[in-house]
Amino acid sequence: MIIFVHGVPDTPHLWQPLIKVLGLAEADYKAPALPGFGCPRPDGFSATKDAYADWLVGQMEAAGEPVDIVGHDWGALLTLRATSLRPDLVRTWCVTNAVIDPDYSGHTMARRWATPLVGEMVMLGMRNKQRLLPALMQGGMPADLAKQEVPLIDKTMRQCILSLYRSAVGLRFKGEWVEDLKNLPSQGQLFWGETDPYVDLSVAERFSKTHNVPLHIEKGAGHWACAERAEQFAGLLKEHWAKI
């Protein structure tokens, strides 16, 4: 079973180009929506980083067998956390354009979302879909994907984003989230868009060296390289999965 974990401000739409190229049948994979992202936020769900990590562990447990897990952006961070918590549930893992790195202090928008009042003001601006669409495209989101995602960025998602980023202090990781990376299974892979404006390539290179994980750099691609270069990513994943 393959599990695809999307990031922020995305939904499972992110994975459709890749799933199509891979030719996967519905029984072969799960691409769940993070609670509150294009779907309801369950009653009592705190939308913190730990709540989402626990949710992902539950998705992995429900598969009933060791999984091949692939994560992008916050989905990558949650994949690393869940995988380090439960390596027994993992056959292989691959993350793209985000890693848990104690030396990374977050991109500008992450820090704004994490700041009380400032984050709420930013979210007010995100209600304007006509402005949000070109803004995401300018940040590197493929146009077709942006047109699917923007209508789904509602009040629930915006509130979840604020809770999530504040629980991570704007992507400043420390403590167990960093220390437990020592438990990561060895069957890992990084796939990185070279021109990512949010998480610099140097962050990926540092993680690759520190944790001895292979790094594929997709030249000329950005933060959403997993969708932008779906064919190349699919090829890398097939090779990665075939090694086991």
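Starting from 1, each residue takes its place in the sequence as its number.
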For this session: Locate the shortest heavy-atom distance separating Cys160 from Pro35; write the atom from each residue and the value.
Result: SG-O, 3.9 Å
Seminar exercise, completed: Minimal heavy-atom distance between Cys94 and His240, with the atoms involved, is CB-CD2, 4.4 Å
Exercise. In terms of side-chain heavy atoms, does Thr92 have a donor or acceptor partner in Gln189 at a distance below 3.5 Å?
Worked result: no
Problem set entry | Trp74-Asp10 side chain donor-acceptor pair, cut-off 3.5 Å | no
Distance in Å, [X] [atom1] paired with [Y] [atom2], rounded so as to fall on 0.5 Å steps:
| X | Y | atom1 | atom2 | value |
| --- | --- | --- | --- | --- |
| Arg86 | Met60 | CZ | CE | 7.5 Å |
| Trp93 | Ile69 | CH2 | CD1 | 11.0 Å |
| Leu190 | His216 | CG | NE2 | 11.0 Å |
| Trp113 | Met121 | CH2 | CE | 16.0 Å |

Problem set entry | Intermediate values then yes/no, side-chain contact (heavy atoms from CB on, under 4.5 Å), Leu133 and Met137 | CA-CA 6 Å; Leu133 179 64; Met137 290 169 57; 4.0 Å; yes
Report yes or no: do [X] and [Y] belong to one cluster of Ile/Leu/Val/Met/Phe/Trp/Tyr joined by side chain heavy-atom distances under 4.5 Å?
| X | Y | value |
| --- | --- | --- |
| Trp55 | Ile100 | yes |
| Trp15 | Leu24 | yes |
| Met123 | Val169 | no |
| Leu132 | Met157 | yes |
| Tyr29 | Val21 | no |

Flag yes if more than 12 heavy atoms outside [X] fall under 6.0 Å of its [atom1] atom; otherwise flag no.
| X | atom1 | answer |
| --- | --- | --- |
| Lys209 | NZ | no |
| Leu124 | CG | yes |
| Lys155 | NZ | no |
| Glu26 | CD | no |
| Asp88 | CG | yes |

For this session: Give the C-alpha distance, both sets of side-chain angles, the deciding distance and a yes or no for side-chain contact (heavy atoms from CB on, under 4.5 Å) between Leu237 and Phe191.
Result: CA-CA 9 Å; Leu237 286 173; Phe191 179 84; over 6 Å; no
Using modelled atom types only, decide if a donor and an acceptor are shared between the side chain of [X] and the backbone of [Y] within a distance under 3.5 Å.
| X | Y | answer |
| --- | --- | --- |
| Thr83 | Leu80 | no |
| Asp73 | Val8 | yes |
| Arg172 | Tyr104 | no |
| Glu194 | Gly220 | yes |
| Thr11 | Phe37 | no |
| Asp180 | Trp177 | no |
| Asp68 | Ile3 | no |
| Arg158 | Ile153 | yes |
| Glu218 | Gln232 | no |
| Glu120 | Leu117 | yes |

So do [Y] and [X] actually touch side chain to side chain, heavy atoms under 4.5 Å?
| X | Y | result |
| --- | --- | --- |
| Arg166 | Leu162 | yes |
| Leu22 | Lys238 | yes |
| Ile2 | Trp241 | yes |
| Arg91 | Met1 | no |
| Pro12 | Phe4 | no |
| Arg81 | Leu56 | no |
| Cys226 | Phe233 | yes |

Problem set entry | is_close_aromatic(Tyr52, Phe45), centroid dist under 6.0 Å | yes
Exercise. What about His13 and His6, are their ring centers closer than 6.0 Å?
Worked result: no
With a cut-off of 3.5 Å and sequence neighbours excluded, list every side-chain donor-acceptor pair involving residues 198-208.
from: Asp200; atom 1: OD2; to: Ser202; atom 2: N; distance (Å): 2.9
from: Asp200; atom 1: OD2; to: Ser202; atom 2: OG; distance (Å): 2.8
from: Arg206; atom 1: NE; to: Asp101; atom 2: OD2; distance (Å): 2.9
from: Arg206; atom 1: NH2; to: Asp101; atom 2: OD2; distance (Å): 2.6
from: Ser208; atom 1: OG; to: Val213; atom 2: O; distance (Å): 2.5

For this session: Fit a plane to each ring of Trp224 and His72, take the angle between them on a 0 to 90° scale, and name the class: parallel (under 30°), tilted (30 to 60°) or perpendicular (over 60°).
Result: tilted
Problem set entry | salt bridge (Lys or Arg N to Asp or Glu O under 4.0 Å) between Glu65 and Lys30, worked out | CA-CA 13 Å; Glu65 60 185 15; Lys30 294 168 62 177; over 6 Å; no
For this session: Show your working on side-chain contact (heavy atoms from CB on, under 4.5 Å) between Ser105 and Arg111 and close with a plain yes or no.
Result: CA-CA 8 Å; Ser105 59; Arg111 294 194 294 272; 4.1 Å; yes
Exercise. Between Glu179 and Lys174, is there a salt bridge with N-O shorter than 4.0 Å?
Worked result: no
Exercise. Do NZ/NE/NH1/NH2 and the carboxylate oxygens of Lys49 and Glu176 come within less than 4.0 Å?
Worked result: no
For this session: Start with the C-alpha gap between His107 and Leu171, add the side-chain angles, then the distance that decides, and say whether side-chain contact (heavy atoms from CB on, under 4.5 Å) holds.
Result: CA-CA 8 Å; His107 53 81; Leu171 300 179; 3.9 Å; yes
Exercise. Is there any side-chain hydrogen bond (donor to acceptor under 3.5 Å, both in side chains) pair reaching into residues 31-48, and which pairs are they, with sequence neighbours excluded?
Worked result: Ser46-Thr48
